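Just so it is clear: chains get the letters A, B, ... in the order the sequence lines come, proteins before strands, and each one is counted from 1. Atom set for the values below is all heavy atoms of this structure, side chains included, hydrogens, waters and symmetry mates excluded. Computed from a predicted structure; not experimentally measured.
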There are 2 protein chains.
Amino acid sequence: MALRHAVLAALLDGEFSGYQLAKGFDIGVANFWHALPQQLYAELARLEGEGLLSGREIVQEGRPNKRVFQVTEDGFAELERFAAASAKPSFIRDDLLVKVQAVDDVDAAPVIAQLRERAAVAEAKAEVLGKLLRRLRGELDEDEFLRTGRRIGPYLTCRRGLAFERETREWCLWAAESLVRREDVECAGPT
Amino acid sequence: MALRHAVLAALLDGEFSGYQLAKGFDIGVANFWHALPQQLYAELARLEGEGLLSGREIVQEGRPNKRVFQVTEDGFAELERFAAASAKPSFIRDDLLVKVQAVDDVDAAPVIAQLRERAAVAEAKAEVLGKLLRRLRGELDEDEFLRTGRRIGPYLTCRRGLAFERETREWCLWAAESLVRREDVECAGPT
DNA sequence: TCATCATAGTCAAGGAATTGAGTAGTCATA
DNA sequence: TATGACTACTCAATTCCTTGACTATGATGA
């Protein structure tokens, strides 16, 4: 079991529907978990079946009704248990890194292009996270907020996400530059 | 298909057995992919069946024989295709981040302990990667190596891994400190 | 000498994730 | 007025990954 705890943690912010979670997983929670809508719907149904979440129908006008979920007593207990248990080491999986690993044996041009694209994506994500952080801490400065804010968990994880995206951007640009310089040399070498 | 390309990329360094890959996945390749031995053996068998790898038996004394694999022509072609195709966005999955997200609603003490443990692991990993980088570039300085080295792919990915581990360490210590300060305040508040 | 660790792998079961398609109503745009 | 985009969700098939156990041999240590 794995996604379940990420879903429970995401629902600590309030009530959300599967659709909202699927959207919201792009920011915030996406810093430490990633899931497709199908998975989320399935997991929400399972968690409700086990009594860790309770759902209720929200009737809407001008758009389809939705079911939103909140964490139950049992859900909190499950999170408590999870937080105290020893964590598995994290893992990254990144196609782009695999390509860079193999870059000496394949055409470098598309890899360079993808590195630059990824750098741009990381920059955009970093900006979104920066805004989210400012919103979370309100008028307080960071130190003050961390001392006195009611909920700092989401702030801490967003900070991790921001550092990660910045690091990603820097590395992508540096790696792309390093590869470009070699291509120049190859082409400009003595014939 | 996913693991297959990571395996192909890992085998560009030379011939390796499933067992060696399983060990080696802890460092180097682990910066962008993670897999259990069972998966590796299965994937190696599949890749050999498809002709992307060729394996041969190495007879050893004092220990069991082993089968090592190398990338075939078709394997290189597959990597070439993969490198040119558009990459999926990477993803992280980290139990510890989930716990931090939920930290305001659960007992913070075990989360703090896990953050410190993770920081220590990250530091150890960073040291291993630092040594690996020095070994890869030999006597050259980084800039010189990146310009003239034969294979820079593994160097670039290790550099990413190093940055990631350092960032992880810094963040874990910072987050743990932030949480500890709040616990102090809670306990020291006016009765 | 008995236990344990390291090398080198295999097998089976079950849970988790991805791929791909499909339903159904609302709204804006052309 | 039909085309596509957005909200909101569902289903099935397949592939992928994890869990846990199991077989051997040789070396190390108590």
Side-chain angles (χ1 to χ4, degrees), chain A residues 1-8 15-26 29-30 32-50 53 55-69 82 85-95 98, chain B residues 1-8 15-26 29-30 32-50 53 55-69 82 85-95 98:
Chain A
M1 310 282 163
L3 176 60
R4 55 198 299 108
H5 300 112
V7 169
L8 287 170
E15 290 183 318
F16 292 106
S17 68
Y19 192 77
Q20 286 174 297
L21 282 179
K23 294 270 125 172
F25 258 58
D26 290 343
V29 186
F32 49 83
W33 217 269
H34 134 104
L36 298 167
Q38 292 95 316
Q39 259 179 289
L40 290 171
Y41 286 116
E43 197 63 49
L44 287 167
R46 213 172 304 146
L47 286 166
E48 194 184 15
E50 291 175 36
L53 292 181
R56 63 191 184 89
E57 185 95 9
I58 300 245
V59 179
Q60 298 184 116
E61 287 172 34
R63 62 181 62 183
N65 297 341
K66 64 180 176 183
R67 274 177 67 72
V68 295
F69 297 88
F82 167 68
S86 76
K88 309 178 186 171
S90 77
F91 69 84
I92 317 176
R93 273 185 193 169
D94 197 336
D95 275 10
V98 176
Chain B
M1 309 287 163
L3 175 59
R4 55 198 298 106
H5 300 113
V7 170
L8 287 170
E15 291 182 319
F16 293 106
S17 68
Y19 192 79
Q20 285 174 300
L21 282 178
K23 294 271 124 171
F25 258 57
D26 291 344
V29 186
F32 50 84
W33 217 269
H34 132 105
L36 298 167
Q38 293 93 320
Q39 258 180 290
L40 290 172
Y41 286 117
E43 198 62 49
L44 287 168
R46 214 173 303 146
L47 287 165
E48 193 185 16
E50 291 174 34
L53 291 180
R56 62 190 184 91
E57 186 95 8
I58 300 244
V59 179
Q60 299 184 117
E61 286 173 36
R63 61 181 62 183
N65 296 342
K66 63 181 177 183
R67 274 178 66 73
V68 296
F69 297 88
F82 168 68
S86 77
K88 308 176 184 173
S90 77
F91 68 86
I92 317 177
R93 272 184 191 166
D94 196 335
D95 274 11
V98 176

Enquirer: Calculate the interatomic distance between A:Asn65 atom CG and C:dA24 atom P; express it in whole Å.
Expert: 16 Å

Enquirer: Determine: side-chain N/O of A:Arg46 to OP1/OP2 of C:dA16, distance under 4.0 Å, yes or no.
Expert: yes

Enquirer: Heavy-atom distance under 4.5 Å between the side chains of B:Leu8 and A:Val98, does that happen here?
Expert: no

Enquirer: Tell me if a side-chain donor or acceptor on B:Arg56 pairs with a main-chain N or O of B:Val68 at a distance below 3.5 Å.
Expert: no

Enquirer: Do the side chain of B:Tyr41 and the main chain of B:Tyr19 share a donor and acceptor less than 3.5 angstrom apart?
Expert: yes

Enquirer: If we fit an axis to the first five pairs and another to the last five of the helix from C:dT1-D:dA30 to C:dA30-D:dT1, what angle do they make, to the nearest 10°?
Expert: 30°

Enquirer: Just the rounded figure in Å: distance from P of C:dT10 to CD of B:Glu48.
Expert: 10 Å

Enquirer: Given that B:Pro37 and B:Tyr19 both sit by DNA chain C, which one's nearest nucleotide is further toward the 5' end?
Expert: B:Tyr19

Enquirer: Evaluate B:Trp33 against A:Asp95 for side chain to side chain contact (heavy atoms under 4.5 Å, CB included), listing each step before the verdict.
Expert: CA-CA 9 Å; B:Trp33 217 269; A:Asp95 275 10; 3.9 Å; yes

Enquirer: Can you list the residues that meet the ring pair (Phe, Tyr, Trp, His ring centres under 6.0 Å) rule with A:Phe82, with sequence neighbours excluded?
Expert: A:His5

Enquirer: Under the salt bridge (charged side-chain N to carboxylate O under 4.0 Å, His left out) rule, collect the residues that match up with A:Asp94, sequence neighbours excluded.
Expert: A:Arg118

Enquirer: How close or far is atom P of C:dT10 from atom CD of B:Gln39, stated in whole angstroms?
Expert: 15 Å

Enquirer: Taking CG from B:Leu21 and P from C:dT7, how many angstroms apart are they, rounded to a whole number?
Expert: 14 Å

Enquirer: Taking only side-chain nitrogens and oxygens of A:His34, does any of them come within less than 4.0 Å of OP1 or OP2 of C:dT18?
Expert: yes

Enquirer: Side-chain N or O of A:Tyr41 less than 4.0 angstrom from OP1 or OP2 on D:dC9?
Expert: yes

Enquirer: In whole angstroms, how far is the C1' atom of D:dA8 from the CD1 atom of A:Ile58?
Expert: 13 Å

Enquirer: Establish, with yes or no, whether the OP1 or OP2 oxygen of D:dT19 is under 4.0 angstrom from a side-chain nitrogen or oxygen of A:Lys88.
Expert: yes

Enquirer: Among D:dC9, D:dC17, C:dA8, which nucleotide has an atom closest to any side-chain atom of B:Ala2?
Expert: D:dC17

Enquirer: Distance check needed: D:dT18 P versus B:Leu36 CG, whole Å only.
Expert: 5 Å

Enquirer: For the residue pair A:Glu57 and A:Asn65, what are the closest heavy atoms and their distance?
Expert: OE2-CB, 3.3 Å

Enquirer: Please figure out whether A:Glu61 or B:Ser17 has its closest DNA chain C nucleotide nearer the 5' end.
Expert: B:Ser17

Enquirer: Under 4.0 Å, heavy atoms only, any strand: does B:Gln38 hit a base, just the sugar-phosphate, or nothing?
Expert: base

Enquirer: Return no unless some side-chain N or O of B:Lys23 is found under 4.0 Å from OP1 or OP2 of C:dT7.
Expert: yes

Enquirer: Tell me which of B:Arg63 and A:Gly18 sits closer to the 5' end of DNA chain D, going by the nucleotide each one is nearest to.
Expert: A:Gly18

Enquirer: Rounded to whole angstroms, how far apart are CZ on B:Arg93 and P on D:dC17?
Expert: 10 Å

Enquirer: Hey, does the side chain of B:Arg67 reach the backbone of B:Ser17 with a donor-acceptor pair shorter than 3.5 angstrom?
Expert: no

Enquirer: Rounded to whole angstroms, how far apart are CG on A:Leu44 and P on D:dC9?
Expert: 9 Å

